[in-house]
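Scroll down for the structure; my scribbles are underneath it.
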Amino acid sequence: MRQRVDNLVGFGSESIWVSTFHSMCVRILRRYIDRMGYDHRFTIYDTDDQKTLMKEVCRKTDVDTKRFKERMLLSVISSAKNEMVMPDEFELNAGGDFAQQQIAKVYREYEAQLKSNNALDFDDLLVRTVQLLDTQPDVLENYQERFRYIMVDEYQDTNTVQFKLVSLLAGKYRNLCVVGDDDQSIYKFRGANIRNILDFEKEFPDARVIKLEQNYRSTENILNAANGVISNNKGRKEKTLWTDNGEGEKITLRQFDTGYDEAEFIAEDIKESVQEGASYNDSAILYRTNAQSRLFEEKFIAMNIPYKIVGGINFYARREIKDILAYLKTIDNGQDDLAVRRIINVPKRGIGLTTINRIQESAAARGISFYEAVLAPKLIAGVGRSVSKLDSFAALIEYFKGQTKLESLTDLLNEIIEKTGYIESLDADDPEDAETRIQNIEELVSKAAAYEEDCADRDETATLSGFLEEVALVADIDSLDEDQDYVVLMTLHSAKGLEFPRVYLAGMEDGLFPSYMTVTGDDPEELEEERRLCYVGITRAEQKLTLTCARRRMIRGETQYNKLSRFVREIPAEVLKTGSEKNKGWFGGREDSLAWDPAEDNTPESIENSVPFGRNTYSNAKKALRAQAYGGKAGTSVLQKGSQLTAGKGGKLSYAVGDRVCHVKFGEGTVLDIKEGGREYEVTVEFDKAGVRKMFAMFAKLVKVE
DNA sequence: CGGTCACCAGTTTTT
DNA sequence: CTGGTGACCG
């Protein structure tokens, strides 16, 4: 979007804000949130943090987490926030209902804790901004003038707060343009309010509606498939897409015995297409659940196909990453008790649970933050033994705080890793696991370096809070690089707004897509949302669409037998290619598969034969690939030409004392010394421009120059 | 305080 | 299959 705007507008386009709702709100809040009693260095809580906080809240309010699951509480609170229902009103609405009253109590405490941690959750970013604009006329005026023209894309996915926000901002000049497609509304589960788009004409009676029914992306066959599916939905604005792109290829449909076969076919099909002249980045594999990505990853590694998985188990949700980030948060905003508590004993410092709880109680009683209490441990009753340990922890953090002013973010990160002995502790914990985790930390360091580079490019100063923000808000999808040649794998949700010449929709099975939840539940609305998701998936394809499914599939360690997805049946038969062929994956006609009975064949004994290789083979292959691929800008699982393995545990360094080497940031220099400490090499280099520096070989990524 | 073991629950999609 | 939690012991 940014690129398109820049290209269209040209000179001056940099002053146009192009961002998600959430990051726009952060930008506004960073400037004005002090008016609402927060510190401008607030931290942003992700889903994980929310859950940790919620546990704490439930303990404090004596709410039984067996009866009220944290997840459920958070989702109720989130919906309330999205409708701008604050705790007072929520309590009022609860009336005499005991459960609702309990939730109201939790909601109130949750908000209080967020506030005292100087933290905002994702919903708060929107809600607080609306409150800010609602209560501060001068701020509102400022932004109304700043944004005299507003355009909202994917409007069908906005929720009530976002609607309010847009209404406020556009309230003065009323230059508002929204673009959306009710058939692509797929975020009801996170509060998207479809009424926003369906009732737009009522809210803005003077609005002009322009229907965009011509599609410039896909072939006729693909559009006919999409139309066929979506026409089964009831509550929608009737429309039929058309194109003059020509009929195009028919849609391929294939059913396989197992998910392994499915992955193998797709991998081979992609390889074939590349041999015929296509690029890897012409192809995308879309699936319903993140878990499906693993099989493809296995196959791609085995077949040496470059790929990138978007989303999935969030990188920033990994333990080691959260630990390091918690250090950064503690350094940046000592008020975030969650972060401080997370790291006070990581790596182990002999500060136990009893001590932590005593600190917590003492801090709460005195109305100060956890970290403030740690700064003066002698004032806390009953921690006598740990005083010296707490002192040295506080000294460490204070030291880092001082360093933020003196050194770059990457240097700070490296110093944290070094001074805390984090790597060593990982190794001591679980040497098997440590390898991957260390690589993740490396990746974090390079992300920080990339962030600093970006800031330099834009003439902005790289700040710790800036980086933490990026970490919390920037979607993984933004790291897609069109210039790199890799197959993209992602969920259907992530794929919205993107397009690819060749698209594979994998796992077209009832119980997977539509999901088990919607098939067993009896909410027709949810099924309609899944159908819209299918519509989104089909319309990502420009030229070639391939649908695949498996008869049986391992899910959570159990084999599931699935029928062909009901959505496939909704595709007009004439656009499908279902004829038989020599390849094993074809099936003749759809009937046999619809009526297919798991009891007929596929006894459990036959399953193991289809497993291509064992877990260890897989994890080894993956490690090898990662090591090989490492060196990329964002450090993803992408094979890159010319990348080289620099150093790691057990690996030999490609340079020695006296050699000339090159560093990404410091330029060329001479190696003065190499020390082998534990699992790492500490290299001392005299750089021509940057002077003498010590660094871990693993992070420094030094390259020998001749 | 820290480590180990056994048990249990959970599992769609994301900013 | 995974991750988290609680009980127990050194």
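A, B, ... follow the sequence lines: proteins, then strands. Residue 1 opens every chain. Any value given below was found using the heavy atoms of this structure, including those in side chains, with hydrogens, waters and symmetry copies removed. Being a predicted model, the structure only gives us computed values, none of them experimental.
- Mapping A:Thr518 and A:Thr47 onto DNA chain B via the closest heavy atom, the residue that lands nearer the 5' end is A:Thr518.
- What separates CG of A:Leu533 from C1' of B:dT14 is a distance of 12 Å, to the nearest Å.
- A cation-pi arrangement, defined by a distance under 6.0 Å to the six-membered ring centre and an angle within 45 degrees of its axis, is absent between A:Lys299 and A:Tyr260.
- When only modelled atom types and interatomic distance are considered, A:Asn193 and A:Asn159 share no side-chain donor-acceptor pair under 3.5 Å.
- With B:dT14, B:dT12, B:dT15 as the candidates, the nucleotide lying closest to the side chain of A:Glu526 is B:dT12.
- Note on A:Asn82: every side-chain N or O is 4.0 Å or more away from OP1 and OP2 of B:dT15.
- Side chains of A:Lys81 and A:Asp121 form a contact here, defined as non-hydrogen atoms less than 4.5 Å apart.
- Within the 4.0 Å cut-off from OP1 or OP2 of B:dT12, not a single side-chain nitrogen or oxygen of A:Asn290 is found.
- Protein atom CE of A:Met490 is 12 Å distant from nucleotide atom P of B:dT15, rounded to whole Å.
- In this entry the distance linking CD of A:Glu525 with P of B:dT13 reads 21 Å, nearest Å.
- Within a 6.0 Å sphere centred on CE of A:Met1, other residues, nucleotides and ligands contribute 12 heavy atoms or fewer.
- When rounded to the nearest whole Å, the span between CD of A:Gln162 and C1' of B:dT14 equals 12 Å.
- Atom NE2 of A:His40 is separated from atom CD1 of A:Ile33 by 11.0 Å, given to the nearest 0.5 angstrom.
- A cation-pi arrangement is absent between A:Arg128 and A:Tyr32, since the terminal nitrogen or guanidinium carbon is not both under 6.0 Å from the aromatic centre and inside a 45° cone about the axis.
- When heavy atoms are screened at a 4.0 angstrom cut-off, A:Glu529 is found touching no nucleic acid atom at all.
- Applying the 5.5 angstrom centroid cut-off and the 30 degree plane-angle cut-off, the aromatic ring of A:Tyr187 is not stacked upon the base of B:dT14.
- Salt bridge absent: A:Glu361 and A:Arg358 never bring a charged side-chain N and a carboxylate O closer than 4.0 Å.
- Take A:Phe122 and apply the ring-ring contact (aromatic ring centres under 6.0 Å, His included) test, not counting sequence neighbours, and it matches no residue.
- Between B:dT11, B:dT15, B:dT13, one nucleotide has an atom nearer to the side chain of A:Arg71 than all others, and that is B:dT11.
- Remark: A:Ser494 is in phosphate contact with B:dT14, judged by side-chain N or O atoms under 4.0 Å from OP1 or OP2.
- For A:Phe189 and A:His493, the ring centers are positioned less than 6.0 Å apart.
- Rounded to whole Å, the distance from CE on A:Met72 to P on B:dG10 is 13 Å.
- The side chain of A:Lys69 lies closest to B:dG10 when the candidates are B:dG10, B:dT14, B:dT12.
- Candidate nucleotides B:dT14, B:dG10, B:dT12 were compared by shortest atom distance to the side chain of A:Arg190, and B:dT14 ranks first.
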- [ ] Using a 4.0 Å heavy-atom cut-off, write out nucleotides 1-8 of chain B from 5' to 3' as B (base contacted by protein), S (sugar-phosphate only) or - (no contact).
- [x] SSS-----
TODO: Please lay out, stage by stage, how A:Tyr307 and A:Phe296 fare under the test ring pair (Phe, Tyr, Trp, His ring centres under 6.0 Å).
DONE: CA-CA 9 Å; A:Tyr307 67 96; A:Phe296 293 106; over 10 Å; no
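- Whole-Å rounding puts the A:Asp49 CG to B:dT15 C1' distance at 14 Å.
- Straight-line distance from the CD1 atom of A:Ile309 to the P atom of B:dT14: 13 Å, rounded to whole Å.
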Using a cut-off of under 3.5 Å, enumerate the N/O to N/O pairs linking the protein to nucleotides 3-10 of chain C.
unit_1: C:dT5; atom_1: OP1; unit_2: A:Lys55; atom_2: NZ; d: 2.8

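- Here the P atom of nucleotide B:dT12 and the CG atom of A:Leu286 are 20 Å apart, to the nearest Å.
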